[in-house]
Amino acid sequence: MDYPRAAAAYFERDARHLARALIGARLVHQLDGEVRVVRIVETEAYRGPTDAASHARVGLTRRTRTLLGPPGRAYVFLVYGMHDCFNVVCKGEGEGHAVLVRAGEPIVGVLPGVRCDGPGRVAKALSITREHDGHDLMEGSLYVSPRPASERVKIGVSARVGVAYAGAMAEKPWRFFDRDSTHVSRPPASAIGLGTR
DNA sequence: CATATGATTCCA
DNA sequence: GGAATCATATGA
């Protein structure tokens, strides 16, 4: 089983489209003598400075320089003083689009009993930390492998989690998940749209 | 410089 | 329900 790496074009699109495409894709991290692979089952799209829930709303700072940089990079930040969150920067340089990976299913190398449901847990299970902030997904040991064309996924859609402060933007249907996965970070009870890919 | 708060998780 | 825990943003 190998995991072909996604190339530049894969990342050069709106965060909503990439967030949908990433459901069923693999997140691969090659550690020293060890490989860990997770099948992504939950994502959220953050759509740049005009998205009140996005970190890009504050403009260019030390924290957001990766987010506002070129697409195809990892944007990793600390939330609540304790958890690292892994995002994929996308669309175009300076546009501030990114997709947060919120949950996955362990496939290879993740220790039994280690869960990947929840953004902090995904990063922890794959040993992704803020040191990976800015990491080039098109070249390094950490990368994305697109969902195999043969693999069908039923995709659910809902509002994003934990962004109530963003006002009207918090209502946007920019969270995507695999309806058939038991590894989604919270029950998709608030699903407001469904589809198949 | 001081302070409020969050793209969360864990424990009681 | 509430704590843990700290980088960042914001305002004095």
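Sequence lines set the chain letters: A, B, ... in the order given, protein chains first and strands last, and positions in each chain run from 1.
In this structure, the OH atom of Tyr165(A) is 16 Å from the C1' atom of dT10(C), given to the nearest Å. Taking atom CD1 on Ile128(A) and atom C1' on dA7(B), their separation rounds to 15 Å, with Å as the unit.
Remark: the Thr66(A) side chain and the Arg73(A) side chain contain no N/O donor-acceptor pair separated by less than 3.5 Å. Between Ser127(A) and Arg36(A), the side chains place a donor N or O and an acceptor N or O closer than 3.5 Å (distance only, hydrogens not considered). Side chains of Glu12(A) and Tyr10(A): a donor-acceptor N/O pair is absent below 3.5 angstrom, by distance only. No side-chain N or O of His29(A) forms a donor-acceptor pair with one of Tyr143(A) less than 3.5 Å apart.
Distance from the side chain of Met82(A) is smallest to dA4(C) among dA4(C), dA9(C), dA7(B). The side chain of Cys85(A) lies closest to dT8(B), out of dT8(B), dG6(B), dC6(C). Taking the side chain of Leu78(A) as heavy atoms from C-beta on, and the options dA9(C), dT5(C), dA7(C), the nearest nucleotide is dA7(C). When the nucleotides dA9(C), dA7(C), dA4(C) are ranked by their closest atom to the side chain of Val58(A), dA9(C) comes out on top.
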Just to be sure I follow the notation: if a pair is Watson-Crick (purine N1 to pyrimidine N3 plus N6-O4 or O6-N4) or a G-U wobble (N1-O2 and O6-N3), each under 3.5 Å, what dot-bracket string does DNA chain C give, with | for pairs to another strand? ||||.||||||.
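When all heavy atoms of Ala19(A) and Phe176(A) are compared, the pair lying nearest together is CB-CD1, 3.5 Å. Of all non-hydrogen atoms in Arg160(A) and Met169(A), the two that sit nearest each other are NH2-O, 3.1 Å.
Rounded to the nearest Å, the gap between the C1' atom of dT5(B) and that of dG2(C) is 16 Å.
Residues satisfying the side chain to side chain donor-acceptor pair (under 3.5 Å) test with Arg57(A), not counting sequence neighbours, are none.
In this structure, Ser54(A) does not reach the dA7(B) phosphate: none of its side-chain N or O atoms is under 4.0 Å from OP1 or OP2. Taking side-chain N and O atoms only, His55(A) has no distance below 4.0 Å to OP1 or OP2 of dT8(C).
Put simply, the side chain of His83(A) and the base of dA7(B) share no donor and acceptor less than 3.5 Å apart.
Between Tyr46(A) and dA7(B), a base-stacking contact is recorded: ring centres under 5.5 Å apart, planes less than 30° from parallel.
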